[in-house]
Each structure stands twice: as structure tokens, then as C-alpha cells.
Amino acid sequence: MKNRPSFFFLELSLSLIILTVSMSIVFSVFSHTAEMNQANQAEYKMMETLINYSEDLRNPGGVTLFELLKDSNTFTFNADGELDPIADDYTLSFTKTLSTLNLITYQKSHLTLKSHDGKIITEYDVSVVLELNHENQ
Amino acid sequence: MKTNRSINLFGLSTLLTVFIVLMMSSFAIVTFLSARNEQAALKRSATILSASYRLSSLTEEAYFAYLNELSDLCEPLESNANINLVFQQFLSTHPEIQYNNINRTLIYRITENDFSQINTLKLSQTKTDLLLERIGTVFVIDNHQDYTQNGDPIWGGK
């Protein structure tokens, strides 16, 4: 009978150890999930921005609003997906080139969204015709 | 009496631990799976959007290349001349174009990976009109999935 209280405390201490270890695993899963959710929300926001840029670039000779405001081809976003010049969580870079093929001049834009570790999240190619060699077109 | 109370409490901490661990871990797994599914859906949406922009660009380039070529062929013709004379010559150099001579439509398809854009053009009667008028564009995913519900594919969809 004298051993029973010691068994109880042994069980209690073992339970506490298991509980502590399990909770630390569970909370690391929760924090990882929270990071994933934040990244997902940020990507949604940035995709909206990218679509807006791409639609601006679909107009012949079109430039994005941010190109007008800032003389740069690179924009940075913070972890929430908002434009932030000092953050480096996500980087949007774009190139705009003019190319002529069979007397047709195209404006070709390439937009690339990269994460902090350099992984490409998405890429958009937008091409519009600037000049044709026939008047009836 | 003290001894009896200890006996009654024996096993309670194990039960509570099992209950708490099961509850918290199942909740953590469910939220993690939900976030992972959302991430996968977002990735698919990004792929589809990227492909649609790329195919739109290629379609645009193809359309203006056809228009330019047809305009070159029509140049020697008189202003109100029927362009059918030169159109067969144009078609012979573009086997990728399907032509329906009843309603005078041209269909061409630009494909990249599982994605395709099918474009329909209408051929004008005379040189003075717009030679090729765009009348339709359809974006198709060739893996027979329907992405209409939040980017999650539904097998067997259109």
C-alpha cells in the first residue's frame, strides 16, 4: 500500500513529460501552419498585383503605375505581400524588351516573382504588338 | 482515507494526457492539411494564370504574323478583289490552321504542356475589310480537370 502514492507520482511525472513533448511538437506544427497561411495570403495579394501589372502591360506601350513612380525594374514585398521598399521577403522583377519579327514590333514583358530564398513562385509573359507594316490592320 | 484517495486518482493523469494529446494533435493536423491544400490550390492557380498569359502572348504573336502574311499576299490585289484567290496559297503554308469555308472561319491552336488556347478568326470577303477578325478564344486544360472551385481540381470535369 505504501507504494501506491509513488506509482501515482511516477505516472503523473511521465504524463507531464509526454504532455510537454507532445505540446512542443503540436505548437511547432501550429507555428509552421501559421507561416504557411501567411505565405498563402501574401501570394494571393501579390498575384493580384501581378495581374494588375500584366494588364497594364497589355496596352501597347503600356507601363505599370509603379514603373512611373519608381525608376526601377525590381520591387520588393514584405511577408504580408505588401509593397515595401526595405523588405526582401519577395521580389518582383520584370524586363521589357522590344523585338521586331517580320516587320512587326512587339513589346515583350517578362515578370518574375521570387521568394526570399530565390525560388520562383510565378512568371508571366506579356506580349503586345506596337507597330505593324500595313495600314489596313 | 488518504490512501484511498491516491488509489482513486491513479490513471487519471494518463487519461487526461491521452485526451489532451489526441485533441491538440488532431486539431494541429487538420489545420496543417487545410493550409497545405490551400497552398496546392494557389500553386495550381498560379500555374494556370502563368500559362494563360504566356499562351495569350503567343496567340497575339501568331495572329499578327498571319495577318501580316495575308496582307502581303493581298497587296497586289485590287481594293475590292475577292481574297479567296490568294487565301489558298496562305493556307497551304499553314497546315496548323483549320479552315471552314462555309462560315469562313479559321481555327488555330497554341499548346504548351497541358494548356491550350484555341483561337477562331473570321476571314473577310474583300481586301478592304479587316482581313482576319478575332471572333473567339478558348483556354483549355488538357488534363480533364475542372478548376472552377477555388482552384481544386474535380476529376472528370470539363
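Just so we're on the same page: letters track the sequence lines, and every chain starts at 1.
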Engineer: Val29(A), Val26(A): one ILVMFWY side-chain cluster at the under-4.5 Å cut-off?
Structural biologist: no
Engineer: Checking Leu19(A) against Ile20(B) for the side-chain contact (heavy atoms from CB on, under 4.5 Å) test, could you report, in this order, the C-alpha distance in whole Å, the side-chain angles of both residues, the deciding distance, and whether it holds?
Structural biologist: CA-CA 8 Å; Leu19(A) 204 62; Ile20(B) 293 167; 3.8 Å; yes
Engineer: Is it the case that atom NZ in Lys114(A) sees more than 12 heavy atoms from other parts of the structure closer than 6.0 Å?
Structural biologist: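 Open: at most 12 neighbouring heavy atoms sit under 6.0 Å from NZ of Lys114(A).
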Engineer: Could you tell me which portion of Leu16(B) (side chain, backbone, both or neither) has an atom closer than 4.5 angstrom to a non-hydrogen atom of chain A?
Structural biologist: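 Contact with chain A: none, neither part.
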Engineer: I'd like to know if the side chain of Ser50(B) and the backbone of Glu123(A) have a donor-acceptor N/O pair within less than 3.5 Å.
Structural biologist: yes
Engineer: Give the cluster check for Val86(B) versus Leu132(B): same hydrophobic cluster or not, with ILVMFWY residues linked at side-chain heavy-atom distances below 4.5 Å.
Structural biologist: yes
Engineer: Can a salt bridge be assigned to the pair Lys108(A) and Glu61(B) using a cut-off of 4.0 Å between side-chain N and carboxylate O?
Structural biologist: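 Answer for the salt bridge query: yes.
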Engineer: Could you tell me whether Lys45(A) atom NZ has more than 12 heavy atoms of other residues or ligands within 6.0 Å of it?
Structural biologist: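 Correct, the count exceeds 12.
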Engineer: Same cluster or not: are Ile110(B) and Ile97(B) linked, directly or through other Ile, Leu, Val, Met, Phe, Trp or Tyr residues, by side-chain heavy atoms under 4.5 angstrom apart?
Structural biologist: yes
Engineer: Answer yes or no: is there a donor N or O on one side and an acceptor on the other, between the side chain of Gln39(B) and the main chain of Asn40(A), under 3.5 Å?
Structural biologist: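 No.
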Engineer: CG of Asp125(A) to CG of Leu58(B): how many Å apart, nearest 0.5 Å?
Structural biologist: 8.0 Å
Engineer: About how many Å separate CG of Leu12(A) and CG of Leu12(B), when rounded to the nearest 0.5 Å?
Structural biologist: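 The CG atom of Leu12(A) is 9.5 Å from CG of Leu12(B), to the nearest 0.5 Å.
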Engineer: Grouping I, L, V, M, F, W and Y whenever their side-chain heavy atoms are under 4.5 Å apart, do Tyr44(A) and Leu92(A) come out in a common cluster?
Structural biologist: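 Linked within one cluster.
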Engineer: Could you state the interatomic distance from CE (Met24(B)) to CD1 (Ile25(A)), rounded to the nearest 0.5 Å?
Structural biologist: 12.5 Å
Engineer: With a 6.0 Å cut-off (strictly less than), is the heavy-atom count around CZ of Arg36(B), excluding the residue itself, greater than 12?
Structural biologist: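 At most 12 heavy atoms, drawn from other residues, nucleotides or ligands, come within 6.0 Å of this atom.
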Engineer: Chain B heavy atoms under 4.5 Å from His32(A): which part of the residue, side chain, backbone, both or neither?
Structural biologist: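 The side chain, not the backbone.
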Engineer: Please round to the nearest 0.5 Å and tell me the distance separating atom CG of Leu14(A) and atom OG of Ser13(B).
Structural biologist: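 Going from the CG atom of Leu14(A) to the OG atom of Ser13(B) covers 9.0 Å.
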Engineer: State plainly whether one hydrophobic cluster holds both Phe64(B) and Ile118(B), where clusters connect Ile, Leu, Val, Met, Phe, Trp and Tyr through side-chain heavy atoms under 4.5 angstrom apart.
Structural biologist: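 No, Phe64(B) and Ile118(B) fall in different hydrophobic clusters.
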Engineer: Just how far is it from atom OG1 of Thr17(B) to atom CD1 of Ile18(A), taken to the nearest 0.5 Å?
Structural biologist: 6.5 Å
Engineer: Please report the interatomic distance CG(Leu50(A)) to CG(Leu49(B)), rounded to the nearest 0.5 Å.
Structural biologist: 9.0 Å
Engineer: Using non-hydrogen atoms and a 4.5 Å limit, figure out which bit of Ile51(A) sits close to chain B: side chain, backbone, both or neither.
Structural biologist: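 For Ile51(A), backbone and side chain are both near chain B.
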Engineer: Compare all side-chain heavy atoms of Glu60(B) with those of Ser127(A) and state whether any distance is below 4.5 angstrom.
Structural biologist: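 Result no, sub-4.5 Å side-chain heavy-atom pair not found.
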Engineer: Counting only heavy atoms closer than 4.5 Å, note whether Gln41(A) contacts chain B via side chain, backbone, both or neither.
Structural biologist: side chain
Engineer: With a cut-off of 6.0 Å (strictly less than), are more than 12 heavy atoms of other residues, nucleotides or ligands near CZ of Phe27(B)?
Structural biologist: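 Atom CZ in Phe27(B) is not packed in, count stays at 12 or less.
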Engineer: So which heavy atom on Thr14(B) is nearest to which on Ser15(A), and how close?
Structural biologist: N-OG, 3.7 Å
Engineer: Any side-chain to backbone donor/acceptor pair from Thr33(A) onto Thr31(B)? Under 3.5 Å, distance only.
Structural biologist: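 Not confirmed, Thr33(A) side chain does not pair with Thr31(B) backbone.
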Engineer: Considering only heavy atoms from C-beta outward, does the side chain of Tyr53(B) approach that of Arg58(A) to under 4.5 Å?
Structural biologist: yes
